[in-house]
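Letters go in sequence order (proteins before strands), and every chain restarts at 1.
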Amino acid sequence: MPTPAHGDTALAAPWRIGVDVGGTFTDMVLADASGRIQTFKVPSVPADPSEGVVRVLQAAADTCQLSLKSLLGDCNLFVHGSTVATNTMLEGKGATVGLITTRGFRDSLEIRRGFRENQWDHRKPFPPVLVPRYLRLPVGGRIDRNGDEIEPFTSEDLETAIREFRIESVESIAVALINSFLNPAHEQACMEILRNIWDGDPDLISLSSEIMPIMGEYERTSTTVINAYLAPRVVPYLKELNTRLAANGLARPFLLVQSNGGMTSVERIATRPVNLLLSGPAAGVGALHAYRAASMTDNLISMEIGGTSCDVMLMSEGKVPVHDELMVAEYHAASPAVNIHTIGAGGGTIAGVDDGGMLFVGPRGAGAIPGPACYGLGGSEPTVTDAQLILGRLREGPYADGSISLNLKLAEIAVERGVADHLNLSIEDAAAGILRVVEQHLLLAVQRISIERGHDPRDFTLVPAGGAGPMHGAPVGRALGCRRVYIPRHSGVFCALGMLYTDVRHDITRVFLSTLDDTEPRDIEAGFLQLEADAHEILAEEGFTGTAVHVARELDLSYSGQQWVVRVALDANGGQGSAEIRKRFEQEYDRLYGHTQPDGVIEISNQRVVGTGLLPELTVGASEHAITEPVPLETRSVYVSPEIGWQDIPVFAGDALRPGHMLDGPLLVEERTTTVLVESGNRLQVDDADNLILELQVNEA
Amino acid sequence: MSRSSLGASPEMDIDPISLALTQNRLDDICRQMGWVMARTARSPIFSDSHDFSCFITDQEGTLVSQADGIPIHTGGGGFTVAAIIRVFGEEITEGDVFVSSDPYAAGGNHLPDWVISRPIVVDNKLIGFTCNRAHQSDIGGGAAGTYNARATEIWHEGIRLPPLRLVEQGTMRQDLWRLLLLNSRTPDLMDGDLRAMLGSTRIGVERVAGLAREIGVKTTVKFIAAILDHGERRLRSALRTLPAGHYESIEYTHTDCFEEVDIAIRAAVTIDKGHATVDFTGSDRQMRGFKNSSLVNTHSAVYLAITSYFEADLPRNGGAFRAIDVIAPLGTVVNPRPPAPLSMCTATIAHEIGHSVWKAMAVADAERACAGWGKSIHGITAGGTGTSAPWVMYHWNTLSGSGAVKGRDGFNQFGHIGTLGGITMHNIENYEQRYPVQFMRQEFRRDSAGSGKFRGGTGIDYEVVINEKAEYSFRGEGLIHPSGYGTNGGTIGEPGQMTLTFDDGTHIEAPQYGVETYAPLQMRALSPGGGGWGNPFDRDVEHVLRDTRDGIVSPEAAEAVYGVALSADLRQINLDKTMKLRDQGTTADT
């Protein structure tokens, strides 16, 4: 049900729109010229995601009493994030791809380097290989380890392959040849010939040396194949949506959120759809940027919790780390992606007791259907949401904007049969135990992304988001030792909001294999200048020049023999000699791992340039300050914490809290799509941006 | 279930919630240790292949939690720490760190796997150890790279480490450190790797001590006991799903590394009331070559084979292992007397031990049977002595095909069962940068897989040019004799082959075992295939079509072995002929 956030005065043109198509809901956030923010939500239409986009726009237009044409006509920036690429992978509904490989190496894609996520789970097959062997066809020719040609490319093999591809109705072609990261000549020769002899769209030919020129044939091939697998499904969809929105008045083509947390144009993504695998969740980066000023810190950890999973992201000194080791649906993509750690912990996560008598929570979830037992949709296994209801933190009756009604009795039966009876506990104690275990999973997930990367979570502000996040923010923040938890009022549309604060970004990589001490600084400089020129060119095509462009340099370094690299930032104008580079590497290495190898040989593996096209900053209007003290809706008996147990606490309606309000916990705040738990010892303040800040009491001991 | 069933004894009052939290936390600490190790170690063997494992034991050395690592390391933890306690006993103090390896004197599994063990002491009470077991790049001995296929005594295999105090109350024993490095051909790698192991166990100790300070030392000890009890209940409950009985099997290796000779492993598995006894009485006497299994390795292989029968989430800790007894007579291949060599045992003969247990279990429960995995042939090439920096290259990419189980085909080019696929192979592009080699081929090997309703995994057709004079350690267990047995009517996979071609065009069959030095050459290895599960005539015809189109199965084999006839262009099934073939096949069977 679409509803504006506050009030219904007319919008001030022009405005920005962010639309996030998720698996369950399509979210929209609109920020107008006066800085006012409105949010909308409609169910997604999985069969045609663009339908969900149009529906949410129509709902917004209706609410704002505008025509769709006016809504789009006065929109000067439309940002889109979509699960369309991810869903294509999850559902296995990509294109029929033909893969061209070097003779002798048809199987790299299927060998997968033998990687098993859990080797003990040996009865589980690998997911289906994206290109069957009979469509992985070899060509002669070889580049050696120095990048020199030692056997000429044979075009006859390619012609044979294309004949086979035609018979098999191949829709899209991937080319991944051995050592092409050192010398792309043979892949480029393939491209030249394919343009002439293949009747398909040249945009549907993916070269590994263009998509991701990294060392390692498995990862490079897999990435290129995923790109080819997605292109015929994702690109036409995006183009059609663009046309449809243009026909409805959108003047400037929309921009897309990429996995790297930055945006790009539809035109640019058309040849690189693999970069869309995290489109949507990656927009969380923008949301964290939005909260930097308001929360007065550049160190934030978000914990976006939905029905089945929790996405954790860390921003340190204003930066979210980007890596290129993405895995989606058990397929590897070396595509620049923000580091998001996902675990199976959400409102619908199932609890139980194993046959040895041990309580577990997750990773299995009850999904949208049947969902938690208390939804009354047929679920009988106890979930986290059932535990919250039993403990009084959720109220019986209408829930999630009225789309569902919660039934306490059903929750109690599920927790009693599924957990309490087995452990000889009361239903309430069992419910409290379920929450403690799921919150431990959340804690470990946050620790993993912080402590294990050399960050101290106590220096961070925790940002719980998603429908289920604000219920866990205070206890997890307390366990981490955070001083502050920042709860966005729009936590239910976290990523759509983030889209309005996202810049255009391109990550460009070049292999540079050398040991640091044997490298001439001018060779490093020449490499960076080339990458920077590329970045400027791409950004200029997208309309960014002069001061709207920012470029940053990074080097991937490791001690000799190590497979994992440490990414080290260099100054934009160069000039760092090997001693300075070594110093920066050792600083970062020591922060990550707690030691260094003082005389260790340092190897360079990649040069990277991040080109950013800066959008004008969005100004957010200040909300009206409170004049009167808020009055609680009711006082309810709630299980506050393991230490305190049950207590009568006040429950406030979200819209009763206005900027300037300050309240001490324990209390609950009921928002439209979420409930906020404020623990004893927390002080709740509403800031000028109308978001909730919890100050946590920290034991300095 | 009553509350009393949760604790080790009724008087142990355990809060089940706190117990679950503690177990999760210990498991997480092990994972953190592994993470530190994988990213900071220097040898490719860790970063590429994860040939290490991190674990936590209780104060007596009972394995409590383990993460990362390869399955054949599973059971070894407890023995190592028990040996340290045996040697140092009351002298163990806070700040000490131990290193050990010897299978006879230090509870080791094989010499190359060194263990760093660090006591966890809180309030002057020893509550356990955090440990890291990791395969070193080189430990001296008669061949570079830790595998001396000519060894007939353990001294030929490298330096033997009894339990040694490497760090004494916080101070590194520099003399000992230098001694260790001096005994390696790759001291730089060893230096980096040992530091990574030290770092990972230090993180572990800090985290476990933090837990103990938080919930109290007594409570921690009590919870650890309860976690072990839980492990025991889980495995007993799983074992109860097997019919009680006495199941026997036999498995062979066909060489003692010097000559062709059949060496038998006889396993008798008795399942009764949620308990398994695995008795190797009747197995052959210890052999001359380095494939004898240390007692620790035998235990690990048994634990691996039994737990792999059940759900992946079974706890694999010392509590669970209380449900399994192993009888391994001294002086046999599964428990040799010193100084028998045994470095090869984590691959061969762990593989044979695992097979023998799997075969016996298949008698108990055919449905869940695991077909045999092809035995390994991956050797080692080492070079660079003299002119350039020394290098040691594992031919990981010659892994064998795995066996099938009901519901899935075997995995192609996958490993020996000691890994259960826990080995991550390198990219050939990385290897070409690292070593003086050029790869010519790495492709699935046609008709190498055992057939079945679910077929075995294929072997690999692998060809590499080694551009320098180098030393080769051959470990071709899977050559000559087929090894991936079939089950439930499935057939056995093809044996491996290995040929060496020299610059002058001459070529030889590679020896099955041995250490040789050769001028530049081209190695071609065909690795063995895994076994199939079920009657091949029951295989889904579409899957046979796909295998044939993929070139995994030849059209001739599709007809002869699977009873599936294809159209001339191999794009479609000839249904009439297929039905006839399959009818005839069924009739012929009966």
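- Heavy atoms closer than 4.5 Å to chain B are found in the side chain of A:I451, but not in its backbone.
- Checked for salt-bridge contact, B:R233 and A:D355 miss the test: no charged N lies under 4.0 Å from a carboxylate O.
- Residue A:L135 does not touch chain B at all, counting heavy-atom pairs closer than 4.5 Å.
- In this structure A:E219 satisfies the side chain to side chain donor-acceptor pair (under 3.5 Å) test together with A:R113, B:N427, sequence neighbours excluded.
- A:D121 touches chain B through backbone and side chain together, each having a heavy atom under 4.5 Å away.
- Residues B:F444 and A:I111 approach most closely at CE2-CG1, 3.6 Å, considering heavy atoms.
- Heavy atoms closer than 4.5 Å to chain B are found in the side chain of A:E168, but not in its backbone.
- Residues A:Q119 and B:L420 approach most closely at CB-O, 3.2 Å, considering heavy atoms.
- In this structure, chain B has no heavy atom under 4.5 Å from any part of A:E117.
- A search for ring-ring contact (aromatic ring centres under 6.0 Å, His included) contacts involving A:F181 returns nothing, not counting sequence neighbours.
- Note on ring orientation: taking the six-membered ring where Trp is involved, the planes of A:H122 and B:W358 are parallel (angle under 30°, cut-offs 30° and 60°).
- Across B:A20, B:A238, B:P71, B:S237, the residue that shares the most heavy-atom pairs under 4.5 angstrom with chain A is B:P71.
- Of the residues considered (B:R368, B:E463, B:E311), B:R368 shows the highest number of contacts with chain A, using heavy-atom pairs under 4.5 Å.
- For a residue to count as touching a neighbouring chain, one of its non-hydrogen atoms must lie under 4.5 Å from one of that chain's; by this rule B:R571 touches chain A with the side chain only.
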